[in-house]
A.B. asks: 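Structure below; questions to follow.
Chain naming here is simple, since letters A, B, ... match the order of the sequence lines and numbering starts at 1 in each. Everything quoted here is computed from the prediction, not taken from an experiment.
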2 protein chains.
Amino acid sequence: MKNKITLKELAKLLNVSISTVSKALNDSSEISPKTVERVKELAALHKYRPNPVAVNLKSSKSGTIGVVIPNISNTYFAQVLLGIEAKAQKEGLQVITYISNESFEREKQIADMLTSGFVDGVLIAISEATHRARNYDHIFNILEYEIPVVLYDRTNIDIPVDKIGIDDEKSFEDATRLLISKGIKRIGLASAIHHLGVGKLRIKGYQKALSEGMEQLVTASSRHQVLVDGIKDLLVNKKVEAMLCTDFVSAMLVYRMAYENKVEIPKDLKMIGFLNKDVAQHLTPSISYIEQFPEEIGKNAMEMLIKRMNGKLMPEKNTHKIINTELIHLESTRFN
Amino acid sequence: MKNKITLKELAKLLNVSISTVSKALNDSSEISPKTVERVKELAALHKYRPNPVAVNLKSSKSGTIGVVIPNISNTYFAQVLLGIEAKAQKEGLQVITYISNESFEREKQIADMLTSGFVDGVLIAISEATHRARNYDHIFNILEYEIPVVLYDRTNIDIPVDKIGIDDEKSFEDATRLLISKGIKRIGLASAIHHLGVGKLRIKGYQKALSEGMEQLVTASSRHQVLVDGIKDLLVNKKVEAMLCTDFVSAMLVYRMAYENKVEIPKDLKMIGFLNKDVAQHLTPSISYIEQFPEEIGKNAMEMLIKRMNGKLMPEKNTHKIINTELIHLESTRFN
DNA sequence: CTGAAAGCGCTTACAG
DNA sequence: CTGAAAGCGCTTACAG
C-alpha cells in the first residue's frame, strides 16, 4: 500500500500504453469496451486513484478554494464554514482555511498566499481592521490574478466582486417595528460593536423604525464600564421597556444589569439580540434572537463562487444576494 | 498580471537556461553571484513565484495537512483550529478543513479523500459516531498510506498514532477535591454527554474524588426532560451544595433549574462546568469553568505532526501528550 | 559556472 | 482502437 500505483505501472501490468490506460479510466470513447473493462478492473484491484497534484498541474486548476475567516471563535463564522465545507464536499472541492484574526496585516499575508497558485477561488469576510483602514488593495490584487472572489459577510464595501450577506439594517428595523406594533414606546439599544459596519447598520435600522416623537435610547461603547453604565442608565433611569442588542457582549451585559437591578425579563423588559441560536435558547430566560442562517450563507457563497469560476455569471456584473433574517421569538419577548 | 510568469519565460528573457534560473532562485552554489543577481532582479520585477502545484509534483509533497473536525460549532474545536492554523501558517503549510459532523459515514468519506494524495499529514478528532461504532479501519487505512496521523482530542482509543489532549478525568477529580476541601459535602453532577468518552472520564474523575461516605449525586441523560427532572431533583430534594457540569447543555439546565427553584448561585449552590470562556464569563452570575487551552492543543498537535512528518519522532513509538487544564474561578464558586 | 536531459504523474492532440 | 509525443512547471543529477 505504501507507494500508490501510477498510470505507468498500470500500463506496464496491462501491456498497453499509458495513454490507453488514462483514456480508459476517463471513459474515452476512443477505447474499446473490452480494454476499458480490463483497465478498470485492474485499477480497482490496485485501488488506483489519480494523483491530484499531477491532474492539477495539467489542468492548471488546484481543485481547492480558499476561505478567509476573520474570527473562527465566533459561532456565526464557524457555521458559515460548515455550510461552505458541506457544499465544497459535494462538488469535490477542497477548502483551505485561513484565519485573519481581524488583522489587516494578517489578511494581506493571506491575500498574498492566495495569489501564489494554491486556490482557484476565494471566499472572504473582510477583517475589522481592514474595514477601518479602508484599504482593499490586497483584494484587488487577488482579482488581478483572475481569481474569483466572493464576499460572504460584511458586504458594505465598494469592491467589484460578488457578495452575499444579510440585511443588517432591515433586520433591526423589522424587530423595532414589531416591538412598536406591540405597543411598546420606550425601546433602547445597546451595542459593543457600534464602530463596525454591521453595528452601524443595525443601529441605523433601529433609528429608522422609530416613529416621530419616539425617543432614541442608545448606548454604545467598546469600553466595558461605559457600556455597563449606559445600559444601567437605560434600564433604571430611562425606564426602557425593551432592549435591542447588536451583539453577544451587549446582550450579556443587559442580562446582568437587568438581574442586578431587579428588572425582570420579559415582564419588565423585552429583549432581542443578535445571538447565535445555541446561546440564545439556553439562557434563562431564553432570548429572542435574529437568525442569520449562517450555513445557508456559506452554501450560497460557495454556489456563487462555483458559478463564477465556471463562467456562469456575467462578467463585469456582480451579484449581491441577500439572505433574509428571521426574528425567533423565545421567552424574552413573551407578551402576556 | 493575468498569466503568471514561469521559469521558462524568465529563462527566455534572460537568455539562460531554465535550469540556471531555477538554481539561481534557489541560491544554488553552482551559479555565479552575478547570474543569481540578474535572475533574482528580473524575477522580482515580474513578481515571479514558483507554481506550488509543480513544486509539489516534483517533491511528492502537497504542502498541505488535513484537519478533521467533528463539530465546528463547538467553540472548543473552533479554537483548536485557530491554534492549528496559526502554527501551519508559520510553517508555510496549508490547512484543508474537513467537518465530519460527528458522522461515521462522513468520516469514512473524509478518510478516503485524505488518502487520495491531497495531504501530507492528518490531524483528527474522531467523531462520536465512530467511537460508538468502535470501527477505526478508515484511520488504519490512512496510516497504511504512510500518512502521519495525530489525534488532537478524544484520545481514549487504542490506535497506534500520536495523541494530544487534556486529562478529562483528572480535571473533574481536581475540581471535586477542591470543593471538598472547602467543606462542601453534597456535590452533584449533571451530564448530557455521559455516553461519550469524555463524558465518562469526567464523571469518573468526580467519582474518584468523592471520599468514603460521600454520596454520589449524578444525573445524566441525553433526553432533555429526563435531565431537567434529574437536575431539579438534585437541587430541590437532594439539596446539593455544588454542581459539576460536564458540558454546555447540562450547565445551562442547572442554571435554569436553579433560577426557577429559587436556588441562588453561588450563595446556595456552587457551580463548575466544562464551558468555553466566552460563555462562562458573560453569564450572570459567571460560571467557574475548566479551561482546556484549545489553542494550545491545536498548536501542539501541529507541532507533533510536523515532527512526525519530518521523521523527528521515533518510529514505532507514539507520543501521548497531556495539556493540563485549569479551574478558572468566577462568581459561581465564590465562597463567603 | 551553465545547460541539456530526464522525470514527477498526468492528459490530449495527433498519427497510424 | 491504440500508442508515441508533447507538455503542464518545476528540480536535479549529469555532462561539459
A.B. asks: Using side-chain heavy atoms (C-beta onward) and a distance below 4.5 Å, is B/Ile110 in contact with B/Ser100?
C.D. replies: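 Result yes, sub-4.5 Å side-chain heavy-atom pair found.
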A.B. asks: From CG of B/Asp27 over to C1' of C/dC1, roughly how many Å is that when rounded to an integer?
C.D. replies: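 It is 15 Å, rounded to the nearest whole Å.
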A.B. asks: Is there a donor-acceptor pair under 3.5 Å between the side chain of A/Lys4 and the backbone N or O of B/Ser116?
C.D. replies: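 Such a contact is found between A/Lys4 side chain and B/Ser116 backbone.
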A.B. asks: Check side-chain contact (heavy atoms from CB on, under 4.5 Å) between A/Thr319 and all other residues, then give those that pass, not counting sequence neighbours.
C.D. replies: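 A/Thr319: side-chain contact (heavy atoms from CB on, under 4.5 Å) contacts with A/Asp162, A/Met304, A/Leu313.
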A.B. asks: Could you tell me how far apart B/Leu10 (CG) and C/dT2 (C1') are, to the nearest whole angstrom?
C.D. replies: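 It works out to 16 Å between those atoms.
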A.B. asks: Any salt bridge (Lys or Arg N to Asp or Glu O under 4.0 Å) involving residues 64-92 of chain A? Give me the pairs, sequence neighbours left out, ordered by first then second residue.
C.D. replies: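 Passing the test, one end in residues 64-92 of chain A: A/Glu85-B/Arg106, A/Lys87-A/Glu91, A/Lys87-A/Glu303.
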A.B. asks: As a test of your reading of the structure, name each stem of DNA chain C as range with range, where a stem is three or more consecutive Watson-Crick or G-U pairs at under 3.5 Å.
C.D. replies: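 Paired runs of 3+ in DNA chain C: C:1-3 with D:14-16, C:5-12 with D:5-12, C:14-16 with D:1-3.
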A.B. asks: Once side-chain contact (heavy atoms from CB on, under 4.5 Å) is applied, do any residues pair with B/Asp112, and if so which ones, sequence neighbours excluded?
C.D. replies: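 B/Asp112: side-chain contact (heavy atoms from CB on, under 4.5 Å) contacts with A/Arg49, B/Thr115.
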A.B. asks: Regarding A/Pro33, tell me which of base, sugar-phosphate or nothing describes its non-hydrogen contacts under 4.0 Å with the strands shown.
C.D. replies: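 Contact class for A/Pro33: sugar-phosphate only.
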A.B. asks: List for me each residue that meets side-chain contact (heavy atoms from CB on, under 4.5 Å) alongside B/Ala301, sequence neighbours excluded, and say none if there are none.
C.D. replies: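 With neighbours one apart ignored, the set is B/Leu123, B/Val150, B/Tyr152, B/Ile164.
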A.B. asks: Among residues 110-122 of chain A, which contact DNA chain D at a heavy-atom distance under 4.0 Å?
C.D. replies: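 None - not one residue of the stretch has a heavy atom sitting under 4.0 Å from the strand.
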A.B. asks: Would you list the atom pairs, donor with acceptor, under 3.5 Å between side chains in residues 38-45 of chain A and any protein atom, with sequence neighbours excluded?
C.D. replies:
{"residue": "A/Arg38", "atom": "NH2", "partner": "A/Leu14", "partner atom": "O", "Å": "2.8"}
{"residue": "A/Lys40", "atom": "NZ", "partner": "A/Asp27", "partner atom": "OD1", "Å": "2.7"}
{"residue": "A/Lys40", "atom": "NZ", "partner": "A/Asp27", "partner atom": "OD2", "Å": "3.2"}

A.B. asks: Rounded to the Å, how far apart are B/Leu14 CG and C/dG3 C1'?
C.D. replies: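 From B/Leu14 CG to C/dG3 C1': 14 Å.
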A.B. asks: Write out all pairs satisfying salt bridge (Lys or Arg N to Asp or Glu O under 4.0 Å) with one or both partners inside residues 64-76 of chain A, taking only residues at least two apart or from two chains.
C.D. replies: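 Every candidate salt bridge (Lys or Arg N to Asp or Glu O under 4.0 Å) pair involving residues 64-76 of chain A fails, so no pair, neighbours aside, qualifies.
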A.B. asks: How does protein contact run along nucleotides 9-16 of chain C, one letter per nucleotide 5' to 3', with B for base contact, S for sugar-phosphate only, - for none, heavy atoms under 4.0 Å?
C.D. replies: BBBBBB--
A.B. asks: Round to the nearest Å and state the distance from B/Glu37 atom CD to C/dC1 atom P.
C.D. replies: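 My rounded result for the distance is 14 Å.
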A.B. asks: Taking only the side-chain nitrogens and oxygens of B/Ser59, find out if one of them lies under 4.0 Å from OP1 or OP2 of C/dC8.
C.D. replies: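 It does not, given that no N or O in the side chain of B/Ser59 lies less than 4.0 Å from OP1 or OP2 of C/dC8.
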A.B. asks: Using atom P in both nucleotides, what's the gap between D/dA4 and C/dG7 to the nearest angstrom?
C.D. replies: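 Looking at atom P only, D/dA4 and C/dG7 are 16 Å apart.
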A.B. asks: Just distance, no hydrogens or angles: give the donor-acceptor pairs under 3.5 Å from side chains in residues 70-84 of chain A, sequence neighbours left out.
C.D. replies:
{"residue": "A/Asn71", "atom": "OD1", "partner": "A/Ser73", "partner atom": "N", "Å": "3.0"}
{"residue": "A/Ser73", "atom": "OG", "partner": "B/Gln79", "partner atom": "OE1", "Å": "2.9"}
{"residue": "A/Asn74", "atom": "OD1", "partner": "A/Tyr76", "partner atom": "N", "Å": "2.9"}
{"residue": "A/Thr75", "atom": "OG1", "partner": "A/Asn276", "partner atom": "ND2", "Å": "3.2"}
{"residue": "A/Tyr76", "atom": "OH", "partner": "A/Asp153", "partner atom": "OD1", "Å": "3.1"}
{"residue": "A/Gln79", "atom": "OE1", "partner": "B/Ser73", "partner atom": "OG", "Å": "2.9"}

A.B. asks: Which pairs, with at least one residue in residues 93-115 of chain A and sequence neighbours excluded, count as a ring pair (Phe, Tyr, Trp, His ring centres under 6.0 Å)?
C.D. replies: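 Output for this query lists A/Phe104-A/His138.
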A.B. asks: What is the nucleic acid contact for A/Ser28, judged by heavy atoms within less than 4.0 Å: base, sugar-phosphate only, or nothing?
C.D. replies: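 Nothing, no heavy atom under 4.0 Å.
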A.B. asks: Sequence neighbours left out, what passes salt bridge (charged side-chain N to carboxylate O under 4.0 Å, His left out) with B/Lys163? Give chain and number order.
C.D. replies: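 So B/Lys163 forms no salt bridge (charged side-chain N to carboxylate O under 4.0 Å, His left out) with any residue.
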